[in-house]
2 protein chains.
Amino acid sequence: MSPGAGVGFLISQLGYVISGRFKDLLAPLGLEPRQFLVLRHVAQAQGSSQQALGKALRIPPSRMVSIVDSLERRGLVERRANPTDRRARALHLTPEGRRMLARTFKVAVEHERAICADLSPAEREMLVGMLRRLTLARQLVPGVHPALTSEEAAAS
Amino acid sequence: MSPGAGVGFLISQLGYVISGRFKDLLAPLGLEPRQFLVLRHVAQAQGSSQQALGKALRIPPSRMVSIVDSLERRGLVERRANPTDRRARALHLTPEGRRMLARTFKVAVEHERAICADLSPAEREMLVGMLRRLTLARQLVPGVHPALTSEEAAAS
DNA sequence: TATACATCGTTTCAGTATGTAACTATTCGC
DNA sequence: GCGAATAGTTACATACTGAAACGATGTATA
C-alpha cells in the first residue's frame with residue numbers, strides 16, 4: 001500500500017491540520033491551546049494546586065508557572081491562598097475566566113461543525129464511534145491532548 | 001458538547017499518538033520521520049536538486065542541508081554532480097538506500113495493521129472514505145505530512 | 001562580451017521552547 | 001524539635017527552527 005493512503009497517515013496528517021486550525025481559531029481570543037487546556041481543567045477542579053493540575057495534565061511544575069502567570073495576568077484565573085497549606089496556591093476561575101471559557105466552547109463547536117460539514121449526522125456518529133474504538137485501544141486520556149503535555153510519565 | 005468528544009479532538013489526539021508511534025517504529029532503523037520523508041521523495045524523483053525537493057516538501061534550504069547530510073553519512077543517498085548545472089546537487093538513492101526504503105515500507109504496513117486491528121475491512125474502508133471527505137482534508141498535500149514541513153508557503 | 005541579477009547549497013545567528021536542577025518556604029513524620 | 005518531603009519559583013543548558021548573509025555558478029540583457 002502506498003504511504004499516504006492508510007488510516008494511520010490520514011489521521012496523523014488530518015490531526016496536525018485540525019489542531020493547527022484550532023490554534024488559529026483560539027488566537028483571536030488571545031489564548032494558546034495550552035492555556036485553554038489549563039483553563040478548562042481549572043474550571044473542572046476549582047481550588048486545585050498547580051502541581052495537582054500539572055500531574056493530571058502531565059505538565060511539569062516549572063512550565064505550569066508561566067502558564068498560570070499568563071492566565072492570571074489576563075485576569076482569567078486567580079491564585080488564592082490555600083487555607084490548609086501555605087505552600088500551595090489554590091487556583092480559581094474569575095468571572096472573566098468563566099466568560100472566556102464560554103467563548104472558547106463556542107469556538108470549539110464551530111470548529112467541529114466546520115470539520116464535519118460534509119458528513120451526515122449518522123456518518124458523523126459512525127466516525128466518532130470508530131475513532132473512539134481506536135483511542136480506547138491506545139490508552140489515551142480522554143480530553144487531554146498529548147501534544148500539549150510532557151512526554152514523560154508515560155510509564156506511570 | 002464536551003470537548004474531547006468531537007471528531008476534531010479525537011482525530012487530533014489520535015494523530016499525535018499515531019505519528020509518535022511511527023517515529024518509534026522508525027527509530028530502530030536509525031531513521032527519523034523527516035529523513036524518511038526525504039528518502040521516499042528522493043526515490044520518487046531521482047536526480048532532483050535539494051531545493052527542488054525542499055520546495056515540494058516545504059522544507060527550507062538550510063534545513064535540507066543537514067537532512068541530506070545525515071542521509072549521505074549513512075550511505076542512503078548520494079549527492080552527485082549535476083551535469084548541466086554545477087551549482088545544484090543531483091540526489092540519488094544508493095542500493096543501501098533502496099534496501100532501507102523497503103524496510104520502512106514493511107514498518108509502515110505493520111503500523112497500519114496494528115492501528116486497524118479492531119476494524120473490519122469494511123469498516124476500515126468506510127473510515128478512510130469519511131476521513132477523506134472531511135473539509136480540512138481537501139487542503140492537504142497527499143503523502144506529505146505537514147508536521148515535518150515548514151509553516152510558511154501556505155499562502156502560495 | 002560585459003554587467004546585473006537570480007539561484008543553489010552552505011554557514012551563521014538569533015529567537016523560541018523545553019525539562020533539569022537548584023533554591024526558598026512550608027509541611028509532615030518521628 | 002529535626003530531618004525529609006513537597007509547592008512554587010528561578011536559573012540554566014539544550015535542541016530546534018528559519019531568516020539572512022555568503023561564495024559559487026548560471027542566466028538575461030545591453
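The chains referred to below are lettered A, B, ... by the order of the sequence lines, with proteins before strands, and numbering in each begins at 1.
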Would you call L71(A) and R74(A) a side-chain contact if the rule is heavy atoms closer than 4.5 Å?
no
Close side-chain approach of R89(B) and S49(B), heavy atoms under 4.5 Å:
no
Neighbour count above 12 (heavy atom, 6.0 Å) for E32(B) CD:
no
For H111(A), enumerate each residue passing the ring pair (Phe, Tyr, Trp, His ring centres under 6.0 Å) test, keeping only those at least two apart in sequence or located in another chain.
F22(A)
Bending between helix ends of the helix from dT1(C)-dA30(D) to dC30(C)-dG1(D) [5 pairs per end, 10° resolution]
10°
Contacts table for residues 95-105 of chain B: side-chain donor-acceptor under 3.5 angstrom, sequence neighbours left out:
residue: E96(B); atom: OE1; partner: R99(B); partner atom: NE; Å: 3.2
residue: E96(B); atom: OE1; partner: R99(B); partner atom: NH2; Å: 2.9
residue: E96(B); atom: OE2; partner: R103(B); partner atom: NH2; Å: 3.3
residue: T104(B); atom: OG1; partner: L101(B); partner atom: O; Å: 2.6

Using side chain to side chain donor-acceptor pair (under 3.5 Å) as the criterion, list what pairs up with [X], not counting sequence neighbours.
{"X": "H145(B)", "value": "S12(A)"}
{"X": "R79(B)", "value": "Q50(B), D69(B), E72(B)"}
{"X": "T84(B)", "value": "N82(B)"}
{"X": "Q51(B)", "value": "none"}

Holding to salt bridge (charged side-chain N to carboxylate O under 4.0 Å, His left out), I want the full list of residues that pass it with R86(A), two or more places apart in sequence or in another chain.
none
Are any protein N/O atoms closer than 3.5 Å to N/O atoms in nucleotides 2-4 of chain D? If there are, list each pair with its distance.
none

Collect all protein-nucleotide pairs involving nucleotides 6-10 of chain C in which both atoms are nitrogen or oxygen and the distance is under 3.5 Å.
residue: dT7(C); atom: O2; partner: R87(B); partner atom: NH1; Å: 2.6
residue: dC8(C); atom: OP2; partner: Q51(B); partner atom: OE1; Å: 3.1
residue: dG9(C); atom: OP1; partner: Q50(B); partner atom: N; Å: 3.0
residue: dG9(C); atom: OP1; partner: R89(B); partner atom: N; Å: 3.0
residue: dG9(C); atom: OP2; partner: Q50(B); partner atom: N; Å: 3.4
residue: dG9(C); atom: OP2; partner: Q51(B); partner atom: N; Å: 2.8
residue: dG9(C); atom: N7; partner: Q51(B); partner atom: NE2; Å: 3.1
residue: dT10(C); atom: OP1; partner: R79(B); partner atom: NH1; Å: 3.2
residue: dT10(C); atom: OP2; partner: Q50(B); partner atom: OE1; Å: 3.1
residue: dT10(C); atom: OP2; partner: Q50(B); partner atom: NE2; Å: 3.0
residue: dT10(C); atom: OP2; partner: R79(B); partner atom: NH1; Å: 2.8

What pairs of nitrogen or oxygen atoms, one from the protein and one from nucleotides 12-15 of chain D, lie under 3.5 Å apart?
none

Using a cut-off of less than 4.0 Å, is there contact between a side-chain N or O of R86(B) and OP1 or OP2 of dG26(D)?
yes
Contacts to DNA chain C from residues 24-35 of chain A, heavy-atom cutoff under 4.0 Å, which residues?
R34(A)
